[in-house]
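Everything quoted here is computed from the prediction, not taken from an experiment. When reading the values below, keep in mind they use all heavy atoms of this one structure, side chains included, and skip hydrogens, waters and symmetry mates.
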Amino acid sequence: MILATAEGVAGHRVERTLGLVRGSSVRVRHVGMDIMASLRNLAGGEVYEYTKLLAEVREQAVDRMVAEARALGANGILAIRFQSAEVSRAAAEMMCYGTAVVLREEG
């Protein structure tokens, strides 16, 4: 599966456009993680616990989007974007979306 934030891929042409695909995941914060983040806030620097959480939720959203594209028969997803939204004070959704396509190598 070729994934791109661009609207095309060098050396490939779009043979068919299959439509919008998306994947999302909603995660809640963990009390222990919040305590560690609060302590790190006192000292400054990166909050590793949240960095790891966001990386995991992005990967899960991408995996779900790819699964939806594969079910349509796609071998590529173009114009990929991410969006996040607060669901509640302790929960957030990460969504990934793009256009599922069938790509063919040129040449």
Side-chain angles (χ1 to χ4, degrees):
M1 182 71 65
I2 297 173
L3 305 177
T5 57
E7 294 188 17
V9 176
H12 293 77
R13 67 179 172 80
V14 175
E15 188 172 89
R16 279 191 347 224
T17 299
L18 303 173
L20 175 70
V21 288
R22 62 199 167 282
S24 69
S25 181
V26 176
R27 295 285 175 102
V28 295
R29 296 185 316 210
H30 184 274
V31 173
M33 193 180 300
D34 284 345
I35 292 170
M36 290 302 296
S38 296
L39 293 174
R40 285 199 203 284
N41 191 35
L42 294 174
E46 181 178 4
V47 182
Y48 302 107
E49 295 80 11
Y50 289 147
T51 300
K52 182 180 177 194
L53 176 69
L54 288 172
E56 289 171 356
V57 75
R58 274 191 303 271
E59 282 302 312
Q60 187 171 45
V62 169
D63 290 346
R64 289 176 178 176
M65 178 184 65
V66 167
E68 188 174 316
R70 279 198 175 113
L72 293 175
N75 67 351
I77 305 172
L78 303 179
I80 295 172
R81 302 292 184 263
F82 287 90
Q83 180 177 327
S84 62
E86 188 176 25
V87 176
S88 71
R89 273 181 24 119
E93 174 193 38
M94 178 68 68
M95 180 186 290
C96 182
Y97 59 94
T99 303
V101 295
V102 174
L103 296 170
R104 291 286 176 236
E105 280 192 65
E106 294 178 330

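Under the side-chain hydrogen bond (donor to acceptor under 3.5 Å, both in side chains) criterion, R104 pairs with E15, sequence neighbours left out. Residues that satisfy the side-chain hydrogen bond (donor to acceptor under 3.5 Å, both in side chains) test with T51, not counting sequence neighbours, are E46.
Hydrophobic cluster membership differs between V14 and M65, with clusters built from Ile, Leu, Val, Met, Phe, Trp and Tyr side chains linked at under 4.5 angstrom. Linking ILVMFWY side-chain heavy atoms closer than 4.5 Å, directly or via other members, places F82 and L3 in a single hydrophobic cluster. Tracing side-chain contacts under 4.5 Å through hydrophobic residues (I, L, V, M, F, W, Y), one reaches L18 starting from I80; they form part of the same cluster. Both V62 and V57 sit in one connected hydrophobic cluster of ILVMFWY residues. Membership requires side-chain heavy atoms under 4.5 Å apart, directly or through other members. M95 and V26 are members of different hydrophobic clusters when ILVMFWY side chains are connected at heavy-atom separations under 4.5 Å.
Between A69 and I77, the shortest heavy-atom contact is CB-CD1, 3.6 Å. Of all non-hydrogen atoms in L103 and G76, the two that sit nearest each other are CD1-CA, 4.1 Å. The minimum heavy-atom distance between E68 and V21, with the atom names listed, is OE2-CA, 3.4 Å. Considering all non-hydrogen atoms of both residues, V102 and A74 come closest at CG2-CA, 4.4 Å. Among all heavy-atom pairs drawn from A6 and L78, the shortest one is O-CB, 3.6 Å. Taking every heavy atom of both residues into account, R64 and S24 meet most closely at NH1-O, 2.7 Å.
Taking SG from C96 and CD from Q60, the interatomic distance works out to 12.0 Å, rounded to the nearest 0.5 Å. Atom CG of L54 is separated from atom CZ of R27 by 9.5 Å, given to the nearest 0.5 angstrom. Separating the CE atom in M1 from the CZ atom in R70 is a distance of 4.5 Å, to the nearest 0.5 Å. Taken from CG in L72 to OG1 in T17, the straight-line distance is 12.0 Å, to the nearest 0.5 Å. Rounding to the nearest 0.5 Å gives a distance of 7.5 Å between CD1 of I2 and CD of E105.
Other residues, nucleotides and ligands contribute over 12 non-hydrogen atoms within 6.0 Å of the CD atom of E106.
Within the 4.5 Å cutoff, no side-chain heavy atoms of Q83 are placed close to those of R81.
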